[in-house]
Amino acid sequence: AAGHLPTDSRKEFELVLNAMSTRLGMLALCGTATPFASLSHADRERCLMSMRDSMFATKRKVFQTFKAMTGIKALSRDTSRSNPHNNGADKNLLWSAMDFEGPPSAEEALAETEAKGRKEFVYTMLNDSITQDTTLTVDAVIVGSGCGGGVVAAELAAAGLRVLVLEKAQYFKRSEISGSEGDAYHNLYERGCLAATEDTGLAVLAGSAFGGGTAVN
């Protein structure tokens, strides 16, 4: 998840993680000369709460980053590496605690869409056919394939114009989408769902996917 953070924020976060493994770093961050991993669960919670309520903006920023990353990872499909109670990749025990059954299987999702007559249109990306510097001649360039860009591109193409749509996000077929929140955050949202204002006071839940908001809403 940290890989989605901007370079400066990631370096800052790595610095804090390193500090939390040292006595001096923890003394500065939480007022206790004990590495975070050696604290009891109750003391770890008190340490994090002190960062949340700190008068220093940097500490509050670090806490908000921790909070966002923990929530994303804890509720993902496969948490066996971080949660020893989860033995496989299909179920997350935290889902049961929240009365959440989890996403349907790929087979169930396919059967439901077919029953509703919703056939998938499989797109072919121009990128796959370009192997060297190329000059393209078009009538219009649309930046973004979301609600606005997609409609404008379709209308212009229907009017006979040659249209090029530029999209930074990766294109996923239905069979490549698991339905898991963790996978969706990683693949379909800006910065892996970690986008926020500079001081992390406001989280920005923004789709970054082929189809834009229509793919995530």
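Everything quoted here is computed from the prediction, not taken from an experiment. Quick note: numbers below take in every heavy atom, side chains included, and nothing from hydrogens, waters or symmetry partners.
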**Q** Would you say Tyr171's side chain and Tyr123's backbone share a donor-acceptor pair under 3.5 angstrom?
**A** yes
**Q** Would you name the heavy atoms of Asn18 and Thr22 that are closest together and state the gap between them?
**A** O-CG2, 3.6 Å
**Q** Short question: side chain of Ser175, backbone of Lys173 - any donor-acceptor pair under 3.5 Å?
**A** no
**Q** Applying the side chain to side chain contact (heavy atoms under 4.5 Å, CB included) criterion to Met20, which one of Val62, Leu29, Leu15 satisfies it?
**A** Leu29
**Q** Does atom CG of Leu24 have more than 12 heavy-atom neighbours, drawn from other residues, nucleotides or ligands, at distances under 6.0 Å?
**A** no
**Q** Within the structure provided, determine whether Glu112 and Glu108 are in side-chain contact (heavy-atom separation under 4.5 Å).
**A** no
**Q** With the side chain counted from C-beta on, respond yes when Leu48 and Phe36 share a heavy-atom pair under 4.5 Å apart, and no when they do not.
**A** yes
**Q** Going by heavy atoms in the side chains, are Val138 and Leu161 under 4.5 Å from each other?
**A** no
**Q** On a heavy-atom basis, which atom in Ala209 and which in Ala169 lie closest, and how many Å separate them?
**A** CA-CB, 3.4 Å
**Q** Between Glu190 and Lys168, is there a side-chain N and carboxylate O pair less than 4.0 Å apart?
**A** yes
**Q** Examine Val165 and Phe210 and state if one hydrophobic cluster contains both, with Ile, Leu, Val, Met, Phe, Trp and Tyr joined whenever side-chain heavy atoms are less than 4.5 Å apart.
**A** no
**Q** Do other residues, nucleotides or ligands put more than 12 heavy atoms under 6.0 Å from the CD atom of Glu120?
**A** yes
**Q** When you measure from the side chain of Asp43 to the backbone N and O of Leu39, does any donor-acceptor pair fall under 3.5 Å?
**A** no
**Q** What pair of heavy atoms forms the shortest contact from Met51 to Cys30, and how long is it?
**A** SD-SG, 4.0 Å
**Q** Under 3.5 Å, is there a donor-acceptor pair between the side chain of Ser145 and the main chain of Gly211?
**A** yes
**Q** Are any non-hydrogen side-chain atoms of Gln170 and Asn187 less than 4.5 angstrom apart?
**A** no
**Q** Please report the closest heavy-atom contact between Ala153 and Ile142, naming both atoms and the distance.
**A** CB-CG1, 4.1 Å
**Q** Do you reckon Ile177 sits in the same ILVMFWY cluster as Phe121, going by side-chain contacts under 4.5 Å, direct or chained?
**A** no
**Q** Look at the side chain of Ser50 and the backbone N and O of Cys47, then say whether any donor-acceptor pair between them is shorter than 3.5 Å.
**A** yes
**Q** Do Leu166 and Val141 have side chains that approach each other closer than 4.5 Å (heavy atoms only, starting at C-beta)?
**A** yes
**Q** Roughly how far apart are Leu136 CG and Arg162 CZ, rounded to 0.5 Å?
**A** 10.5 Å
**Q** Return yes if some donor-acceptor pair links the side-chain N/O of Arg60 with the main-chain N/O of Ser54 below 3.5 Å, else return no.
**A** yes
**Q** Find out whether Phe66 and Leu17 are in side-chain contact, i.e. whether some heavy atom of one side chain is under 4.5 Å from a heavy atom of the other.
**A** yes
**Q** Minimum heavy-atom separation for Met26 to Thr34, with atom names?
**A** CG-O, 3.2 Å
**Q** Are there over 12 heavy-atom neighbours, none belonging to Arg174, within less than 6.0 Å of that residue's CZ?
**A** yes
